[in-house]
J.: 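Questions regarding the structure given below will be posed in turn.
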Amino acid sequence: MAPGQGNKLLQLIKDPVQPDSTCSNLEQLIVNLYSESTDKHVKKQLLSMIASSHTKKQLQQLIPSITMHAINEARKHAMEHSAGIAVIY
C-alpha cells in the first residue's frame, strides 16, 4: 500500500460494491497502487488480490503494461500463500 492510501482503502472496503460494475472501486484502487508501485514484491502482493477474479485478458486491459509472467506469479502466490499476503523474500 502506498503511503497515505490507508484511509482511502479503508473507506472503499466499508462502502458496498456496485453489483453491476465490472471493476469495483477497491479493484481500481488496487490497480492504481500496482501502477504506482516500483517494488516488484508489492506489485505481486497487490496483483494477487485481483488475479483470480479476472481473466488474463481482462487484467491486461486493466493494467496494459502487465506481463503474463506477472499474472501467473501473482496467481501462484495467491494459491500458495493466500491473496494479498506480503511476499517474503
Side-chain angles (χ1 to χ4, degrees):
M1 180 173 7
Q5 294 288 326
N7 289 336
K8 188 173 181 180
L9 181 59
L10 181 62
Q11 185 63 37
L12 288 170
I13 291 170
K14 288 181 180 179
D15 289 342
V17 175
Q18 301 297 326
D20 59 341
S21 69
T22 56
C23 184
S24 71
N25 289 338
L26 180 57
E27 288 175 329
Q28 190 57 52
L29 178 61
I30 292 168
V31 168
N32 290 345
L33 291 171
Y34 178 92
S35 298
E36 293 173 7
S37 178
T38 57
D39 185 300
K40 67 180 182 178
H41 300 294
V42 171
K43 284 181 172 272
K44 184 189 291 188
Q45 178 184 5
L46 290 166
L47 187 57
S48 74
M49 298 168 80
I50 60 171
S52 299
S53 60
H54 296 284
T55 65
K56 290 179 181 179
K57 185 175 182 177
Q58 289 171 328
L59 289 169
Q60 287 180 312
Q61 289 172 340
L62 287 171
I63 310 169
S65 63
I66 199 165
T67 64
M68 290 293 181
H69 178 71
I71 295 169
N72 292 337
E73 287 296 308
R75 287 180 173 174
K76 179 180 173 185
H77 176 75
M79 289 182 65
E80 292 178 354
H81 305 285
S82 190
I85 297 296
V87 177
I88 299 172
Y89 46 97

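Below, each value reflects all heavy atoms present in this structure, side chains not excepted, and no hydrogens, waters or symmetry copies.
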J.: In Å, rounded to the nearest 0.5 Å, how long is the span from CG of Leu46 to CD1 of Ile63?
T.: 9.0 Å

J.: With respect to Ile85, which candidate in Gln45, Met49, His77, Glu80 satisfies the side-chain contact (heavy atoms from CB on, under 4.5 Å) definition?
T.: His77

J.: State the CG-CG distance between Leu33 and Leu47, to the nearest 0.5 angstrom.
T.: 12.5 Å

J.: Checking Gln58 now: which residues fulfil side chain to side chain contact (heavy atoms under 4.5 Å, CB included) with it, not counting sequence neighbours?
T.: His54, Thr55

J.: Rounded to the nearest 0.5 Å, how far does CG of Leu59 lie from OG of Ser53?
T.: 7.5 Å

J.: Calculate, to the nearest 0.5 Å, the distance between atoms CG and CG belonging to Leu29 and Asn25 respectively.
T.: 9.0 Å

J.: Look up atom NE2 in His41 and atom CD1 in Ile88, then write down how far apart they are to the nearest 0.5 Å.
T.: 11.0 Å

J.: What distance do Ser24 atom OG and Ile30 atom CD1 have between them, rounded to the nearest 0.5 Å?
T.: 7.0 Å

J.: Taking all non-hydrogen atoms of both residues, which atom of Ser48 and which atom of Gly84 are closest, and how far apart?
T.: OG-N, 2.9 Å

J.: List for me each residue that meets side chain to side chain contact (heavy atoms under 4.5 Å, CB included) alongside Lys56, sequence neighbours excluded, and say none if there are none.
T.: Met68, Ile71, Asn72, Arg75

J.: Applying the 4.5 Å side-chain criterion to the ILVMFWY set and letting contacts propagate, would Leu26 and Val42 be lumped into a single cluster?
T.: yes

J.: Listed by chain and number, what are the side chain to side chain contact (heavy atoms under 4.5 Å, CB included) partners of Thr67, not counting sequence neighbours?
T.: His69, Ala70

J.: Taking only residues two or more places apart in sequence or in another chain, which ones pass salt bridge (charged side-chain N to carboxylate O under 4.0 Å, His left out) with Lys44?
T.: Glu73

J.: Taking the side chain from Ser37 and the backbone from Tyr34, do they hold a donor-acceptor pair closer than 3.5 Å?
T.: no

